[in-house]
There are 2 protein chains.
Amino acid sequence: MGIAERRLRQKDEVRSSILETAWNIVREEGWQSLSIRKIADAIEYSVPVIYDHFANKEAILLEFGKQGFNLLASKMEEAKKTTEEPGEQLKAMADAYWNFAFRNKEYYQLMFGLGIACCETDKCLPGTITFRDLVMEPISRLLAENTNKQINGCLKYHTFWSVMHGLISIKMTANTAEVADELNKMVLDDAIDGFIRNLKG
Amino acid sequence: MGIAERRLRQKDEVRSSILETAWNIVREEGWQSLSIRKIADAIEYSVPVIYDHFANKEAILLEFGKQGFNLLASKMEEAKKTTEEPGEQLKAMADAYWNFAFRNKEYYQLMFGLGIACCETDKCLPGTITFRDLVMEPISRLLAENTNKQINGCLKYHTFWSVMHGLISIKMTANTAEVADELNKMVLDDAIDGFIRNLKG
DNA sequence: TAACTTTGCTAACGGTGTTAGGTAAAACAC
DNA sequence: GTGTTTTACCTAACACCGTTAGCAAAGTTA
């Protein structure tokens, strides 16, 4: 009785084509321009079919949000593995974050833009690694070597994200080429260097 | 012949009531929920009247954007005047920025949220002071005292904004009380302290 | 009073997310 | 193979949205 299986497969294909089509629309016209009707048109089904696969429009966006967070997490994990020195790890992850943001503007805008608030940056990952674990560990190692024991690691963790997010979101919002690209990357490098220097004491 | 004047006055009153009403809606229901029809309803005029005063909806948002940037600039200018020491000035301005953001969430969200992109953070002020002047001056003074002449002030200027914006926008997007308020303020203070320490060399 | 200008309205256009209700085809039971 | 039930899918609507064309009434001027 492979009928049920075939049906599930077909249903999954429609679901996939919804996501694929939506992604194309977003890439070509931006999030603002994505509409249920446009998707329905493109996949050659009527509008209500979409609601058989997603509760509402936000559920579609959330799906992309998850994808984005997973991709970002894997890129940062990968970056971290390239070195053992905690300071270098932080720099590598900052680099990975930067690259992710500008190679996947659509994802980044959805994830951190007008708070689709997919998650609090942490949750909604496959359960294994969290961003917190990833970034907190090298911070703690640097702080352990620091003679000044007053410094709060949790606080530094937030600073790390804030600096990166701030730099990227300002650059992304700014009218394209307000400042040269290299300068922006230098600002990030400089800020992260300063951050690490302060961690080392 | 005060007729024309009275008419102008009356027209201005309608314009003001549009802005006032719009602001009330935003405060009570958020930017997402602001619509031309709601404004028209509330001021007890028909919809097209609004278009006699504003070219379109975005023009209304832009008006608020200008207000926001002016308010922020004045708060930061005021903060700067409280001290002469450049490091203290930067801290005071960071504080003022922080306070502005959380005492005027609606403004901040409009100004830096989903890029209504009112301006590039600088322009659209009354022509006199720019944010750049305000922040760049104490940075330059600190760098002048620093023996390391390699440091780029323009770069530091961008870092300053990024850190502040990053901290605030992450806290604003986060689901209300992810982290205690005091901790967040501590993160800002810590980040700005670190920033200034690095400026001093 | 007649002509003109301004003011404000109704009603529409084309778009959005979402859902109720019906039909035809496919799958199942006998 | 026939009858019944489930599934897939569509049409059409609801309630919104921003925006604009066109018209009627009121106010202003000569």
Side-chain angles (χ1 to χ4, degrees), chain A residues 1-19 21-26 28-65 110 113-118, chain B residues 1-19 21-26 28-65 110 113-118:
Chain A
M1 202 187 272
I3 289 172
E5 280 83 344
R6 191 214 57 211
R7 281 196 156 169
L8 277 179
R9 219 181 325 127
Q10 285 178 336
K11 191 144 192 172
D12 248 41
E13 269 166 35
V14 173
R15 196 189 131 95
S16 297
S17 81
I18 289 173
L19 290 173
T21 301
W23 189 245
N24 284 337
I25 295 172
V26 168
E28 280 158 31
E29 310 174 41
W31 289 109
Q32 205 69 13
S33 175
L34 179 67
S35 83
I36 299 285
R37 281 176 165 85
K38 271 188 197 168
I39 300 174
D41 243 44
I43 64 173
E44 295 177 302
Y45 276 94
S46 71
V47 166
V49 168
I50 304 207
Y51 288 89
D52 291 340
H53 298 86
F54 297 95
N56 48 36
K57 189 182 176 181
E58 197 172 336
I60 299 178
L61 301 186
L62 231 82
E63 188 67 30
F64 287 119
L110 176 66
L114 187 50
I116 305 299
C118 166
Chain B
M1 199 187 276
I3 288 172
E5 281 84 343
R6 191 213 58 210
R7 282 197 155 170
L8 278 179
R9 217 180 327 124
Q10 285 178 337
K11 189 145 194 173
D12 248 41
E13 268 166 35
V14 173
R15 196 190 130 95
S16 298
S17 80
I18 289 173
L19 291 173
T21 300
W23 189 245
N24 284 337
I25 295 172
V26 168
E28 281 159 31
E29 309 175 43
W31 288 108
Q32 205 68 15
S33 174
L34 180 67
S35 83
I36 299 284
R37 282 176 162 86
K38 272 189 197 167
I39 300 173
D41 242 45
I43 64 173
E44 295 177 301
Y45 277 94
S46 70
V47 166
V49 168
I50 305 212
Y51 288 88
D52 290 340
H53 297 86
F54 297 93
N56 49 34
K57 190 181 176 181
E58 196 171 336
I60 299 178
L61 301 185
L62 232 81
E63 188 67 30
F64 287 119
L110 176 66
L114 187 51
I116 304 299
C118 166

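Throughout, protein chains are lettered first and strands after them, A, B, ... in sequence-line order, and every chain is numbered starting at 1.
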**Asked** Rounded to the nearest Å, what distance is computed from the NZ atom of residue A:K11 to the C1' atom of nucleotide D:dC9?
**Response** 11 Å
**Message:** How would you summarise protein contacts on nucleotides 18-26 of chain D per nucleotide, using B for base, S for sugar-phosphate only and - for none, with heavy-atom distances below 4.0 Å?
**Reply:** BBBB-----
**Item:** Distance-minimising heavy-atom pair for A:A42 and A:T21
**Value:** CB-CG2, 3.2 Å
**Fill in**
Rounded to whole Å, CG of A:D52 lies from P of D:dT6 at a distance of 17 Å
**Item:** Pair B:E28 + B:K38, salt bridge at N-O below 4.0 Å
**Value:** no
**Item:** Exam field: side chain B:H53 to backbone B:S16, donor-acceptor pair closer than 3.5 Å
**Value:** no
**Asked** How close or far is atom C1' of C:dT5 from atom CG of B:L8, stated in whole angstroms?
**Response** 14 Å
**Prompt:** To the nearest Å, how far apart are A:I18 CD1 and C:dG17 P?
**Reply:** 13 Å
**Asked** In whole angstroms, how far is the C1' atom of D:dT7 from the NE2 atom of A:H53?
**Response** 12 Å
**Whole angstrom value for the distance that separates C1' of D:dA15 from CG of B:D41** = 14 Å
**Length of the line joining B:E13:CD and C:dT7:C1', which is rounded to integer Å** = 15 Å
**Asked** Just to confirm, is there a sub-4.0 Å distance from OP1 or OP2 of D:dC9 to any side-chain nitrogen or oxygen of A:Y45?
**Response** yes
**Fill in**
Heavy-atom nearest pair, B:L110 first then B:G65, reads CD2-N, 3.5 Å
**Prompt:** Atom CH2 of B:W31 and atom P of D:dC17: how far apart are they, to the nearest Å?
**Reply:** 16 Å
**Message:** Atom CD of residue position A:Q10 - does it have more than 12 heavy atoms of other residues, nucleotides or ligands inside 6.0 Å?
**Reply:** yes
**Message:** I need the minimum non-hydrogen distance between A:I50 and A:I18, along with the two atoms involved.
**Reply:** CA-CD1, 4.1 Å
